[in-house]
Amino acid sequence: MVKAPDTLERADNSQGVRCRMVAASLSGKAVGQPVMRVDGIAKVTGRALYAGDVDLPDLLSGRCLRSPHPSARIVSINVGKAKALPGVRSVLTGADVPDTCYGRMCKDIPVLAKGVVRFVGEKVAAVAADTVEIAEAALELIDVEYAELPAVFSAEEAMRPTAPIIHPEAVEFVPGAAASIHGELSMYPPIPNVISRLRVRHGDAASALASAHKIFEHSFAVPSVHQGYIEPHTCLVAIGRDGLVDVWVANKGPHIARTHMAAAIGVQENRIRFNPVAIGGDFGGKGSLMDTLVCYYLARAAGRPVRMVMNSFEELTAGNPRHSASITLRTAVDPDARLLAIDARVIFNAGAYGGFVPVPTLHGGYGELAGAYRVPNCAIEVLRVYTNTVPCGHMRAPGAPQVTFAVESHIDMIAHALGLDPVEMRRRNAIAEGDLTPLGEKRRHLRCRETIDAGARAFGWDKPKSPGIGRGMSTYEHPPGNFGLSTVALTIGIDGRITLTLGSPDTGTGFHTIAAQLVAEHFAVSVDEVEIAQGDTLSSGFEAGASGQRLTTTIGQAIAAAADRMKQDLAALAAERLNCAPSDIGIGADGSFSAPGAMIDRRTLMGWAAERGKAPLTCQGENTPGRHSDRTSFVAHFAEVAVDRETGQVRLRRIVTAHDVGTVVNPITHQGQIEGGLIQAVGQAMSEQIVLKDGAVITAHLGDYKLPTAMDIAELETILLPGGGGTAPFSTTAIGEMSNVALPAAITNAVFDAVGVRLVELPISAEKVLEGLRAQASAA
Amino acid sequence: MINFQYARAVSVSEAVRLMAGTPGAKFIAGGTNLVDLMKMDVERPTALIDVSRLPLDTVEETPGGGLHIGALVRNSDLAYHPLVERRYPVLSSALLAGASQQLRNMASIGGNLLQRTRCAYFYDVATPCNKREAGSGCSALGGLNRMNAILGTSDNCIAVHPSDMCVALAALEAKVHVTGTRGERVIAFADFHRLPEAEPQRDNNLAADELVTGIELPQRGFETHYSYLKIRDRSSYAFALVSVAVCLELGGGRIREARLALGGVAHKPWRDAGAEAALSGQSANEATFMRAAALVLSKAKGFGHNTFKIDLARRAVVRALSQAAGGTPQSQSNKKIA
């Protein structure tokens, strides 16, 4: 076997990006190589099939009528005129669909509103017609009489004893899903409108706070933002004559979605087939069924297949955006600025329904609270609260960006109050080998300080700067996800080519390419010899889907298991052909099989096996989920801004991002994840906000909901700390949710450094900066 | 979207005749605003009269030393036209500050003039709006009005004219050439757009059958001392919170002539003769600029969420005047820095 050099170094300064990576014992053909995307040509030439591209005979278009009120009783609905419109094939209201509610954890979302509406944009009626235009014309002919009810929009107000109760009836939830990894979890505790309350304690925060040298308390607010994927929620349902329900949907986890759909519509799982489609961006937002159930009922009523595509107005007003949050932190420090205790209260505004999220507490909302630091005492309370606003869902590291904005601003504020440099404050408190996490967990390979130092060095933290220029940093820690079942099948054909069948779509991250590289590496072949087959839910094994930066880890393990079996089977075949013991067989650098004094290439071997009825050969592989990875990763961001004191405008000039990584499977997609995540974070920091007035979304147009443009993006330098240590095959870790979380605080910390204005509420705006300057001037 | 008729005009006279004979019709050229409004159900024209193929797409020098710009010249083409870049850089700068590259490639000059005023409630058909439905009420007055007007408002409407190009044209004192069934006429730029007063449904003073055929720029382009400053939430595809166009003529350390127009603050590009007069003959220094800025904003009125714009506009006026007086070079292709 050819051994790859232990260290691979790459330099590409054309984009201001520096990459360094380390890989041990790799073939040099697959893992670690900048392989082009396996689905790239199909996507750029328009051949990739998205749910909206699927066409079927007699296909109808479905549209929904939505509530204009945040809280109202439906007095009556008259659909007579809509039904009479030529071209209309089915019209449904809440009365026409079963009472079942849908949800990934809290089963609280009706297919169509039943008697009451709880947010502006809730689906009240649905129409399937020959064209979208006819369906929309029919919606205008539906008369709904509402009796408005009191509504509540802020989570804090919703918890008051006098608040209107948004779900007075008991809500069913999946008991297994509500099991908590940490602390004490109560579902629907006796606080008005609270879905869940989690209390996690490690050490004795109360005592530490009571006797501390100094205590700091600050509150922060983060607004709701949209995932910003290009492809809107799209689904298509066709019911066959044999009753088989065929579904094409933009969903990141077809197997789980199929399970939820089966439970909701009362059809067996094996009578529903989710077909493979490409996904035009997910960022966590494509994990729910969204319109799929109403689409199913429309198709059933019309006896024809139905397609539903949300438009951008619906996406921005009634998608499943990131939760807004308010966070209060109380922290005790000793005279050396060492963190002694943190007491955190996090309130997530869940909107009118809780069913779009699969966990009771937004996981990252507490799991990584201050995870980069050594904090011996910690008390965390996390609440998710119903309000009469758009129901929130998952978005890239759910909960973590909100909480990390608070923690990383708070640490900076403490450093400033103590007269300490922000980097020194973090270095002094950085978690190190042997420390427990704030939640009391053991982790290894703790390179927090090294990550901060590498970033600070590249950034030139200590270099002089001009007036009006500010510098800030932030850090974050997060392990790869190792939960949920992954099942794959490897097939080696009679031509020697290898096919990986898996149940996960590529949501746009490049995961299919990563999977092909992992397969190729096991057999020391080039990626060109591997095909990726995304199976439907009947033909592929169970796959929990993209979530919590898990795929490279979980599918990586499943691929390794299948490859091991395949190698054993191939070795047995080769041994039979070469007349030796299977243990004598080696795999060559060219993918051939060798025995002492003999050799056979894969293709010849498979041809020989085929003649004996032993090819093609298929092997299954599964992962062993459940145990949280103890190898975590750190990231440190450094931002430089220019702040205009006269106009309040903040310009982001430069970002340095330092990442503690394992083996980088593909430097292109790896860098893509880092850059994409950072840009998403620039949006959250500087311009994105779902603005609501009396529960109605005002920023309902992509001109008003301001995603960052290419011109808003700063110069970027990426530092990768080599070192591996990953627990997944080939020592990989995860990158998907590392870059998008902590950057906003680095930017607001930089604004503070520039002009002394502390922004505790995102996003940054000219008026917030000017208001801060004015307050500063009047205080002076 | 509802059904509508469509006709393509082959001449200006035919376009005008079709419009006069079709109640509820609209002209369409680039369509960057109208199609959006139709999709949002704000505009429901009975017919679209396509004027995009009319021969109004040239930029020509006039005998008086100015420039005549056909109404169908694309925003991008005008921004990068050598004569405009050289002689009217404030116009080029304003054009490039507007919309996005894709929109500028589609949008016509005439359409830019005729884009509807902006207000979140005008676009949200579920809410009352006097501009959409006279007498129904103004939701912005007590609503989320961060982007709304602070000058020239009425109790009926606080929408803003969002154009960047028009702010520069106001400062340059352009003229608008229009043709209707009763013939051609020329409208001074200051008289083209109007304030909401009691009729917010009307954005400008065109007659129903009139078509904008071109814009005339006078000979003076203020190519040495100018500025177009735009303050906004992101660097592209965002309307101004406040924008300022300044054109100055300096001599002997004093301001001989000053033109000052604001965008994003009123129902029309906002000029203030008093402030311009206060600049004229004075030293080009900060005290002068602050006096002028205070004059412009002396009658400004905030409505809560947009009150910050009064002070922001004052600061922006001072900044733009300073930039213009200093002859600060402005990048025409990179508007990242205001």
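Throughout, protein chains are lettered first and strands after them, A, B, ... in sequence-line order, and every chain is numbered starting at 1.
If you measure heavy-atom distances from B:Arg234 to chain A, the contacts under 4.5 Å come from both the backbone and the side chain. The part of A:Leu692 that comes within reach of chain B is its backbone (N, CA, C, O), which places non-hydrogen atoms under 4.5 angstrom from that chain. Heavy-atom distances place no part of B:Asp124 under 4.5 Å from chain A, backbone and side chain included. When heavy atoms are compared at a cutoff of 4.5 Å, A:Asp644 approaches chain B solely by way of its side chain, counted from C-beta outward. Looking at B:Arg146, only its side chain comes within 4.5 Å of chain A, counting heavy atoms on both sides. In this structure, the portions of A:Leu707 lying under 4.5 Å from any heavy atom of chain B include both its backbone and its side chain.
Between the side chains of A:Glu315 and A:Tyr229, a donor-acceptor pair is found at a separation under 3.5 Å. Between B:Tyr121 and B:Arg132, the side chains place no donor N or O within less than 3.5 Å of an acceptor N or O (distance only, hydrogens not considered). Residues B:Thr117 and B:Lys131 have side chains that bring a donor and an acceptor to within less than 3.5 angstrom of each other. Side-chain contact, A:Glu688 with A:Tyr705: a donor N or O sits under 3.5 Å from an acceptor N or O.
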Please report the C-alpha distance between B:Asp311 and B:Arg314 in whole Å, then the side-chain angles of each, then the deciding distance to 0.1 Å, and finally whether the salt bridge (Lys or Arg N to Asp or Glu O under 4.0 Å) criterion is met.
-> CA-CA 5 Å; B:Asp311 190 42; B:Arg314 193 180 53 70; 2.5 Å; yes
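Judged by distance alone, with hydrogens and angles left aside, the side-chain atoms of B:Ser76 form a donor-acceptor pair with the main-chain N or O of B:Arg104 at under 3.5 Å.
Considering only heavy-atom pairs separated by less than 4.5 Å from chain B, the leading option among A:His701, A:Glu771, A:Met686 is A:His701.
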